[in-house]
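I'd like to ask some things about the structure below.
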2 protein chains.
Amino acid sequence: MGITKTQIFNDKQNQLALIFKVLANPARIAILQYISTQKACICNDIVDEIGLAQPTISQHLKELKSIDLIEGEIEGKKVCYGINLKKWKEVQDILNSFFDKTKFNCC
Amino acid sequence: MGITKTQIFNDKQNQLALIFKVLANPARIAILQYISTQKACICNDIVDEIGLAQPTISQHLKELKSIDLIEGEIEGKKVCYGINLKKWKEVQDILNSFFDKTKFNCC
DNA sequence: TTTTATTATCGTAATATTGCAATATATAAA
DNA sequence: TTTATATATTGCAATATTACGATAATAAAA
């Protein structure tokens, strides 16, 4: 019925799937890569850089923010986005744990 | 317009997004975890184990196979699924490379 | 206060995904 | 050959995602 049956899976499985889902879009990958190259603030050079409309970028930023992969700091009329390194590493650890555990049990 | 603009991104970005997309579903996570616990063959105990209809499981297996994360070996009327360990490690490396590179450049 | 610039939100169209019933296919068993 | 079992495919309904134009909200500048 078009809706994922999250009820029948455990929290870790749903959390993992959610992380993967947020990353499952090339625009969001590109945004993360671009943000990470900026020494200081970037604000919406992202729009120029990526080549998608401003509302589209804004929505992607919102999704990345939803799991705290990035943070936005308001500076006047601009917003300074940056990778949330703490969460970034945390997510990397969660994914590695999944990959390691799964391959460990493997036939 | 509901369609991801893959043309404006590079191959690596699209490849990464595709990997994440295949993993972005709790049923597929659960299937991978379950398959990895089986010493030998499992066939469609998966259906009983996961709690989704047989066609649904079959479709998820197809998507996992589409990027070679799992392999299916036909044994009589059953099919024996297993993690493709080579590809599994390859994917883990690709993801770690993404996480490491991105955090390396970070402000 | 008005204007300008930057970002967010709303509404909507196009497309994709999820899940399942019905059915097809394939192979083993009777 | 017929029957039973296991898996795959098809078609469809419900929902989610992607993208963008229009517009709102916010804050600096004039």
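A, B, ... follow the sequence lines: proteins, then strands. Residue 1 opens every chain.
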Does B:Tyr81 make a side-chain N or O approach to OP1 or OP2 of D:dA8 shorter than 4.0 Å?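 Yes, within the criterion.
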Grab the CG-P distance between A:Leu61 and C:dT6 for me, whole Å please.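 Rounded to the whole Å, the gap is 16 Å.
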Round to a whole Å and report the spacing from CD of B:Glu73 to C1' of C:dT27.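 Roughly 16 Å, once rounded to whole Å.
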Return whichever of A:Gln59 or B:Ala53 has its heavy-atom-nearest nucleotide of DNA chain C closer to the 5' end.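 Closer to the 5' end of DNA chain C: A:Gln59.
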By nearest heavy atom, map A:Ile74 and A:Pro55 onto DNA chain D; which one lands nearer the 5' end?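 This one resolves to A:Pro55.
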To the nearest Å, how far apart are B:Leu23 CG and C:dT18 P?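 Atom CG in B:Leu23 sits about 12 Å away from atom P in C:dT18.
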In whole angstrom, what separates B:Gln7's CD from D:dT18's C1'?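 It works out to 12 Å between those atoms.
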Side chain of A:Lys77 - closest among D:dT9, D:dA19, D:dA28: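 Taking heavy atoms from C-beta onward, the closest nucleotide is D:dA28.
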Per A:Thr56 side chain, nearest of listed nucleotides D:dA19, C:dG19, D:dT7: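 Nucleotide nearest to A:Thr56's side chain: D:dA19.
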A:Lys21 NZ to D:dT17 C1': how many Å, rounded?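 My rounded result for the distance is 9 Å.
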Between A:Phe99 and B:Asn96, is the side-chain contact (heavy atoms from CB on, under 4.5 Å) condition met? List the steps. CA-CA 11 Å; A:Phe99 274 90; B:Asn96 272 316; over 6 Å; no
Given D:dT10, is OP1 or OP2 found less than 4.0 Å from the side-chain N or O atoms of B:Lys62?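 Negative; the distance criterion is not met.
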Look at all strands and tell whether A:Leu52 reaches a base, only sugar-phosphate, or nothing, counting heavy atoms closer than 4.0 Å.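 Sugar-phosphate only.
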Starting at atom CD1 of B:Ile8, determine the distance to atom P of D:dA19, rounded to an integer number of angstrom.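 So the CD1-P distance, B:Ile8 to D:dA19, works out to 7 Å.
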side-chain contact (heavy atoms from CB on, under 4.5 Å), that's the test. Do A:Leu95 and A:Phe20 meet it? Break it down for me. CA-CA 9 Å; A:Leu95 300 196; A:Phe20 283 127; 3.7 Å; yes
Tell me yes or no: between the side chains of B:Asp100 and A:Gln92, is some donor less than 3.5 Å from an acceptor?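 A donor-acceptor contact under 3.5 Å links the two side chains.
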Looking only at side-chain atoms of B:Asn25, point me to the closest of D:dA19, D:dA8, C:dG19.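 Among the listed nucleotides, the one closest to the side chain of B:Asn25 is C:dG19.
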Measure from NE2 on B:His60 to P on D:dA8 and round the result to the nearest Å.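 The distance from NE2 of B:His60 to P of D:dA8 comes to 14 Å, rounded to the nearest Å.
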Select from B:Gln54 and B:Thr6 the residue whose nearest nucleotide in DNA chain D is closer to the 5' end of that strand.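 Taking each residue's closest nucleotide, the earlier one in sequence belongs to B:Gln54.
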Drop me the distance from B:Leu18's CG to B:Asn14's CG, to the nearest 0.5 angstrom.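 It is 8.5 Å, given to the nearest 0.5 Å.
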Might you work through the side-chain contact (heavy atoms from CB on, under 4.5 Å) test for B:Ile19 and A:Leu23, ending with a clear yes or no? CA-CA 9 Å; B:Ile19 290 170; A:Leu23 294 168; over 6 Å; no
Distance check needed: C:dT4 C1' versus A:Lys78 NZ, whole Å only.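 Rounded to the whole Å, the gap is 13 Å.
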Quick check on C:dA8: is either OP1 or OP2 less than 4.0 Å from any side-chain nitrogen or oxygen of A:Ser58?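 So the side chain of A:Ser58 is within the cut-off, an N or O lying under 4.0 Å from OP1 or OP2 of C:dA8.
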